[in-house]
Amino acid sequence: MAAAATVTFEVPDYDLAATLTSGQAFRWREVDGHENTWENVLTGRWVRLQSNSQTITARVARPIGNWQWLRDYLQLDLDLQTIYDGFPADDPHLAAARGTCHGLRLLKQDPWETLAGFICSSNKQIVQIEQIIGEVCDRFGEPVRDNWKSFPTADRIATCTEAELRACRMGYRAKYLLGSAQMITRGELNLESLRAMPYDEACTEIQRLPGIGPKVADCILLFAYGFPEAFPVDTWIIKALHQLYFPRRAPKPKRLQAFIKKHFAPHHGYAQQYLFHHVRTQGGLLEETSEE
DNA sequence: CCCCAGGTCCCGC
DNA sequence: GCGGGACATGGG
């Protein structure tokens, strides 16, 4: 492939807006005055994406010969229909979510950036997470282009003081982010080694880092590593599962886990993201149940 | 003033 | 192993 600063990908069923705003990534900005146009910095490189009906056009600052890194990030080579075919056939709620979220994909993001973002996510609204991450990048990232900085490395964050991180308005999470960055920098946990592990093992391993419990672990394993079994259980999905699948009475956590593992196999993560985005954008779980 | 946010940690049982 | 409360910060 000849080096170029732009490329157009043919993608029949890709909802870029849904993908970039569904709470998996925290840095995408929609460009004012342009339709369906988004900017971010990926692996230190500024990127602009524009989606049309059947294509996504990408632009970078300097010509590049190989775009595989972006195909991987966007998961362009994934056959979504295979995922949909794996959803439980007798589930009207998932069918509804598939309808409203058609074309939504799980990204394959950088593990450290994903990890840092979701450490800051606990007990925070998505808009606030985006603000915190924006502050972290502004203060500690390297300049890439006007108005854009790279996501700071674990090494860089590890040199921060807790107070410097708190200045990014992340509150008590500063201690967790700093502690995790230091463990990674010291080599006490190798993020790359997780790729070769089975899901259960990777899940246990990543939770050795401070600030990472079962929910954040699943977000990292899903949005960065692509483990299909990961199913982040957050406040939204708990409410949704209760109302949609257990309308009589709320099951205890262990019972709920067992249901999730069985019912949403084998694409737990996709099912979770579709339900999550569906209830968040279609607003109102209560109307949904009354429709049934 | 209250409650909640893509939870985790720490403490008693 | 499990149930509760604390935790920073911002918004409704």
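Chain naming here is simple, since letters A, B, ... match the order of the sequence lines and numbering starts at 1 in each.
Nearest nucleotide to the side chain of A/R173, out of C/dA8, B/dT8, B/dG7: C/dA8.
C/dA8 and B/dC11: their P atoms are spaced 15 Å apart (whole Å). Annotation: C/dC2 and B/dA5 have their C1' atoms spaced 24 Å apart (nearest Å).
A/F26 comes within 4.0 angstrom of no nucleic acid atom, judged by non-hydrogen atoms across all strands.
The nearest whole Å value for the distance from the CZ atom in A/F276 to the C1' atom in B/dG7 is 13 Å. Following rounding to the nearest Å, A/I212 (CD1) and B/dC9 (P) show an atom-to-atom distance of 9 Å. Across the protein-nucleic acid pair, A/Y176 atom OH and C/dA8 atom P stand 8 Å apart, rounded to whole Å. One interatomic measurement links the two molecules: NZ of A/K254 to P of C/dG1, which rounds to 10 Å at whole-angstrom precision. For A/K175 and C/dA6, the NZ to P distance is 16 Å, given to the nearest whole Å. The distance from atom CG of A/L178 to atom P of C/dA8 is 15 Å, rounded to the nearest whole Å. Atoms OH (A/Y172) and P (C/dG10) sit 13 Å apart, rounded to a whole Å. The nearest whole Å value for the distance from the CG atom in A/D234 to the P atom in B/dC4 is 15 Å.
In this structure, the side-chain contact (heavy atoms from CB on, under 4.5 Å) partners of A/H263, at least two apart in sequence or on a different chain, are A/P88, A/D91, A/Y245, A/F259.
Contacts between residues 119-133 of chain A and DNA chain C, counted as heavy-atom distances below 4.0 Å, involve A/N123, A/K124, A/Q125, A/Q128.
Closest non-hydrogen pair, A/E30 versus A/N36, comes out as OE2-N, 4.1 Å. Closest of all the heavy-atom pairs between A/A61 and A/W46 is N-CE3, 3.7 Å.
Checking A/Q207 against A/I237, the closest nucleotide of DNA chain B that is more toward the 5' end is the one next to A/I237. Residue order along DNA chain B, read from the 5' end via each residue's closest nucleotide, puts A/Q273 first among A/Q273 and A/G211.
Side-chain atoms of A/T57 and A/T8 form a donor-acceptor pair, as typed in the model, at a separation below 3.5 Å.
The aromatic ring centres of A/F87 and A/F264 sit 6.0 Å or more apart.
Residue A/E39 forms a salt bridge (Lys or Arg N to Asp or Glu O under 4.0 Å) with just one option from A/R45, A/R29, A/R48, A/R27, and that option is A/R48.
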Handout entry: A/H102 and A/Y84: CA distance, side-chain angles, deciding distance, ring pair (Phe, Tyr, Trp, His ring centres under 6.0 Å) verdict
Key = CA-CA 10 Å; A/H102 184 84; A/Y84 297 155; 5.5 Å; yes
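Side-chain nitrogen and oxygen atoms of A/K239 include none within less than 4.0 Å of the OP1 or OP2 phosphate oxygen of B/dC4. Here A/R169 does not reach the OP1 or OP2 of C/dA8: none of its side-chain N or O atoms lies under 4.0 Å away.
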